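Start at 1 and go down the list; that is how both ligands and their atoms are numbered. As the structure is a prediction and not an experimental result, all values here were calculated from the model. Every heavy atom of this structure was used, including side-chain atoms; hydrogens, water molecules and symmetry mates were not. Residues: numbered from 1 along the sequence shown.
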Amino acid sequence: MAKHLALEITDLNFSYGKKQVLYDLNLTVAAGQCGILLGPNGAGKSTLFALITRLYAHKYGKIHLAGFNIQKKPLKALAQLGVVFQQTTLDLDLTVQQNLRYHAALQGMSRKKSNLGILEQLERLGMYERRKEVVRQLNGGHRRRVEIARALMHKPRVLLLDEPTVGLDAPSRHAIVEHVHQLVADGDLAVLWATHLMDEIYASDKVALIHQGAVKAEGAVEDIIQQAQADNINDAFFKLTLGKG
Ligand code: ADP
Ligand code: MG
């Protein structure tokens with residue numbers, strides 16, 4: 001069987017009522033690749049995530065997760081997906097470990113599997129020592145790391161992160177960026193990371209620059225700079241996202 005792309009989005013169009021916000025959007029992320037969805041506020045990043053997670057249904061275009069069409073095989077497709085939403089969704093009064101256990105139970109994982117998953121995922125994110133702390137006591141960066149660990153509990157092939165570093169201080173941001181790139185380097189996980197912050201991009205990442213609901217440039221940072229005929233990524237970003245697009 002041909003190896004499927006982890007995430008494949010084909011000619012996706014979407015409107016809120018009469019207001020069209022995504023236009024013929026094409027995007028792929030392979031296993032072991034960190035995809036960056038780079039775009040200013042209002043570009044359509046969260047809308048795209050809402051379609052991938054099936055919060056909203058699309059009429060035009062296709063979305064495949066690990067080869068499964070999300071409309072035709074929703075359960076199989078969504079089983080391959082882990083998500084960290086823009087707003088934190090942890091229970092602040094529970095411990096780190098209780099939050100993860102709760103999620104594992106919802107996924108139908110046995111206690112044994114859940115305990116192993118908690119150990120494995122929290123260790124990867126450098127949070128295992130804090131497993132008995134109440135989430136309310138953790139700083140924003142640590143809370144984010146717990147959310148990432150939680151999203152990986154069921155071993156999805158694709159991890160979506162919607163602006164996970166917004167509101168964090170510089171060291172916490174740096175730690176999250178490092179951890180996520182390490183997760184990708186460790187194995188077959190495919191990441192799609194939405195951001196408007198250019199300093200979160202590594203040279204090895206695959207960037208899709210999105211503006212007003214369309215992909216304006218795609219490739220490694222170098223390719224984007226070249227496509228925009230710019231001097232650096234900041235310059236490319238401003239060139240490609242200024243004006244009417
Ligand atoms: P981003 O996440 O890149 O900031 P969004 O996907 O949130 O962008 O928004 C894309 C566009 O869709 C914006 O113009 C926004 O105002 C609009 N939008 C977002 N959510 C809704 C909604 N529920 N109803 C109508 N318009 C929306
Ligand atoms: Mg958003």
Side-chain angles (χ1 to χ4, degrees), residues 7-29 34-65 70-71 77-78 81-90 140-141 143-145 147-148 150-151 156 158-169 172-173 176-177 180 190-201 205-219 221 224 227-228 233-245:
L7 174 66
E8 188 172 17
I9 292 163
T10 319
D11 298 331
L12 188 65
N13 285 271
F14 183 73
S15 307
Y16 289 107
K18 287 191 174 146
K19 184 181 173 192
Q20 187 164 358
V21 293
L22 298 180
Y23 297 85
D24 294 328
L25 200 133
N26 287 281
L27 185 80
T28 61
V29 187
C34 183
I36 305 282
L37 187 64
L38 178 66
N41 282 335
K45 303 182 295 296
S46 293
T47 300
L48 176 61
F49 281 18
L51 294 174
I52 299 172
T53 53
R54 292 195 92 228
L55 185 61
Y56 302 130
H58 59 279
K59 283 194 213 132
Y60 307 104
K62 289 195 183 102
I63 301 175
H64 285 88
L65 281 165
I70 69 160
Q71 286 179 321
L78 293 181
L81 188 65
V83 189
V84 176
F85 291 103
Q86 204 162 352
Q87 305 293 337
T88 327
T89 58
L90 296 167
R143 290 181 192 185
R144 274 303 194 197
R145 285 201 239 165
E147 288 200 291
I148 296 171
R150 182 179 62 179
V158 180
L159 174 65
L160 302 182
L161 300 153
D162 197 353
E163 310 227 32
T165 61
V166 165
L168 300 182
D169 59 19
S172 300
R173 273 186 58 197
I176 298 276
V177 173
V180 170
V191 163
L192 185 61
W193 171 304
T195 185
H196 62 272
L197 302 165
M198 280 146 291
D199 59 348
E200 296 181 346
I201 307 171
D205 295 345
K206 180 186 185 186
V207 181
L209 200 150
I210 176 175
H211 177 48
Q212 296 182 337
V215 174
K216 300 288 175 192
E218 198 178 4
V221 173
I224 305 273
Q227 285 167 46
I233 187 69
N234 282 288
D235 190 20
F237 183 80
F238 291 116
K239 265 186 143 167
L240 293 170
T241 60
L242 267 181
K244 293 227 176 239

Side chain, backbone, both or neither: Pro40 near ligand 1, heavy atoms under 4.0 Å: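 Looking at Pro40 and ligand 1, just backbone atoms fall under 4.0 Å.
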Part of Val21 with heavy atoms under 4.0 Å of ligand 1, whether side chain, backbone, both or neither: side chain
2.8 Å cut-off met by an N, O or S atom of Ser46 to the Mg ion (ligand 2):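 It does: Ser46 brings an N, O or S atom closer than 2.8 Å to the Mg ion (ligand 2).
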Residues which pass ring-ring contact (aromatic ring centres under 6.0 Å, His included) with Phe14, listed by chain and number, not counting sequence neighbours: Tyr16, Tyr56
Polar atom proximity, [X] to ligand 1 (N or O, under 3.5 Å):
X	result
Lys45	yes
Gln86	no
Glu163	no
Gly44	yes

Specify the protein heavy atom at minimum distance from [atom]: its residue, its atom name, and the distance to 0.1 Å.
atom	value
atom 14 (O) of ligand 1	Lys19 NZ, 3.1 Å
atom 6 (O) of ligand 1	Thr47 OG1, 2.5 Å
atom 7 (O) of ligand 1	Ser46 CB, 3.8 Å

Polar contact flag, side-chain donor to acceptor under 3.5 angstrom, Lys59-Ser15: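 Note: Lys59 and Ser15 side chains miss the donor-acceptor criterion.
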Side-chain donor-acceptor pair present, Thr89, Arg150, cut-off under 3.5 Å: yes
Candidate with minimal heavy-atom separation from atom 24 (N) of ligand 1, of Phe49, Tyr16, Phe14: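 It is Tyr16 that holds the nearest heavy atom.
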contact_flag Gly42 ligand 1 heavy-atom lt 4.0 Å: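 Distance cut 4.0 Å: Gly42 passes for ligand 1.
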